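This report refers to the structure that appears directly beneath it.
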Amino acid sequence: MSVSPPILPSILHGGRLDLARAHFPQAPEPWIDLSTGVSPYPYPFPPLAPEVFTRLPDVAALAGLERIAAAAYRAGPGAQVVAGAGTQAFIQSLPRLHWLPRSRPATRVSVLGLTYEEHAAAWRAAGAEVARVETLEEIAAAEIGVVVNPNNPDGRLEPAACLAETARAMAAKGGLLIVDEAFADFLPAEASLAPHAGEDGLVLLRSFGKAYGLPGVRLGFALCGAALAEPLRATLGPWSVSGPALAIGAAALADAPWLAGRGVALAQEAVRLDGLLAAAGFEIISGTSLFRLVRHAAADRWFAHLARRGILTRRFGERPDRLRFGLPAAPAAWERLERALESAQNDL
């Protein structure tokens, strides 16, 4: 019986091991997935009670998780926290809210730089005019602005004070600034816009799965004022977070010492990764403690070389000279990566 090839999505993300296996069927197993920027250290959540699977998600548990998240992220006093099935749920929901009336020209949305493509795709699907811009001044001139901070894939970081000023300028004319802090968990607290959450003209997105190494839990949060929180909840609908996600998220977000310890370990391992990549001839552009973006004239051949050895990196069609590397998860994975990098002289 023939097997259908994997469906190619309109936007390629990391983590598509099905596509990697289809294109490199002789690669050794298990694959080492360095393409996603997810922490290699999953949170060791306790055994879950059977009722989180056998009952509908509890409203009180949802409210409790949102209170824990507000404290963990240091949300401002006027902020409301809305939990959803990953930040992707909010990226899809925000364009469907009330600021896209069909009786006037399309909303103008500006997205800062080369970044996570789902933001622009979601707004275009809702009928907005989307432009990529390079400065916060251009963001402020739009009706809706999107900034991923730190940026994915290059780790660019805009100062929180500048973003807060941009949000205030946009609010003054009825606009909105969306700041996606999916990779902000291991930054100093002052790098986050969370203390400003609840102010007019600002919605902040936070991801759970990346920092806690549990992307399959599908959990994320929007931090915003009441005027946005209520329509967001209505758009997400009831039971937007599963019972297991409620339990795991509450335990992990309340465990500040665990997160701090992981941050130290990840910073050290990112430096180790820099050394391996530089020795192999890559130019380190930038990144975060969860990933590194590199440049190499033969990046496409490097991608294939590593994939033939069961190591998946993230490549970019718009930037064919760049690759993104996440962190290996175990000593054996580090050893395989090091051997693959060292063996490239005969393959490139």
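On a predicted model such as this, the values are computed, not experimentally measured, just so you know.
Contact annotation: the side chain of Asp300 never approaches that of Pro320 to less than 4.5 Å [non-hydrogen atoms, C-beta and beyond]. Within the 4.5 Å cutoff, no side-chain heavy atoms of His296 are placed close to those of Arg301. Phe208 is not listed as a side-chain neighbour of Asp185, based on a closest heavy-atom distance of 4.5 Å or more. You'll find the side chain of Leu112 stays beyond 4.5 Å of the side chain of Val146, heavy atoms only. Using a 4.5 Å heavy-atom cutoff, the side chains of Phe186 and Thr288 are not in contact.
Cation-pi geometry between Arg322 and Phe316 is not satisfied (NZ or CZ under 6.0 Å from the ring centre, within 45° of the ring normal).
More than 12 heavy atoms of other residues, nucleotides or ligands sit less than 6.0 Å from atom CZ of Arg295. By the 6.0 Å contact criterion, CD on Glu230 is enclosed, its count of non-hydrogen atoms from other residues, nucleotides or ligands being greater than 12. Within a 6.0 Å sphere centred on CD of Gln26, other residues, nucleotides and ligands contribute 12 heavy atoms or fewer.
For the side-chain hydrogen bond (donor to acceptor under 3.5 Å, both in side chains) condition, the pairs that include at least one residue of residues 194-220, sequence neighbours left out, are Glu181-Arg206, Ser192-Arg206, His196-Glu199.
Side chain to side chain, Asn151 and Thr115 meet the donor-acceptor criterion of an N or O pair below 3.5 Å. A side-chain donor from one of His305 and Arg309 sits under 3.5 Å from a side-chain acceptor of the other.
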Side chains of residues 31-38: which donor-acceptor partners sit under 3.5 Å, not counting sequence neighbours?
{"residue": "Asp33", "atom": "OD1", "partner": "Ser35", "partner atom": "N", "Å": "2.9"}
{"residue": "Asp33", "atom": "OD1", "partner": "Ser35", "partner atom": "OG", "Å": "2.5"}
{"residue": "Ser35", "atom": "OG", "partner": "Gly15", "partner atom": "N", "Å": "2.7"}
{"residue": "Thr36", "atom": "OG1", "partner": "Val38", "partner atom": "N", "Å": "3.2"}

Using atom types as modelled, flag every donor-acceptor pair under 3.5 Å from a side chain in residues 243-265 to any protein atom, sequence neighbours excluded.
{"residue": "Asp255", "atom": "OD1", "partner": "Trp258", "partner atom": "N", "Å": "3.3"}
{"residue": "Asp255", "atom": "OD2", "partner": "Tyr43", "partner atom": "OH", "Å": "2.9"}

Counting only pairs under 3.5 Å, give me each side-chain donor-acceptor contact of residues 77-84, with atom names and distances, residues two or more places apart or in other chains.
none

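Contacts of Glu190 classified as side-chain contact (heavy atoms from CB on, under 4.5 Å), with partners at least two apart in sequence or in another chain: Pro188. The side-chain contact (heavy atoms from CB on, under 4.5 Å) check on Glu318 picks up Leu114, Arg132, with sequence neighbours excluded.
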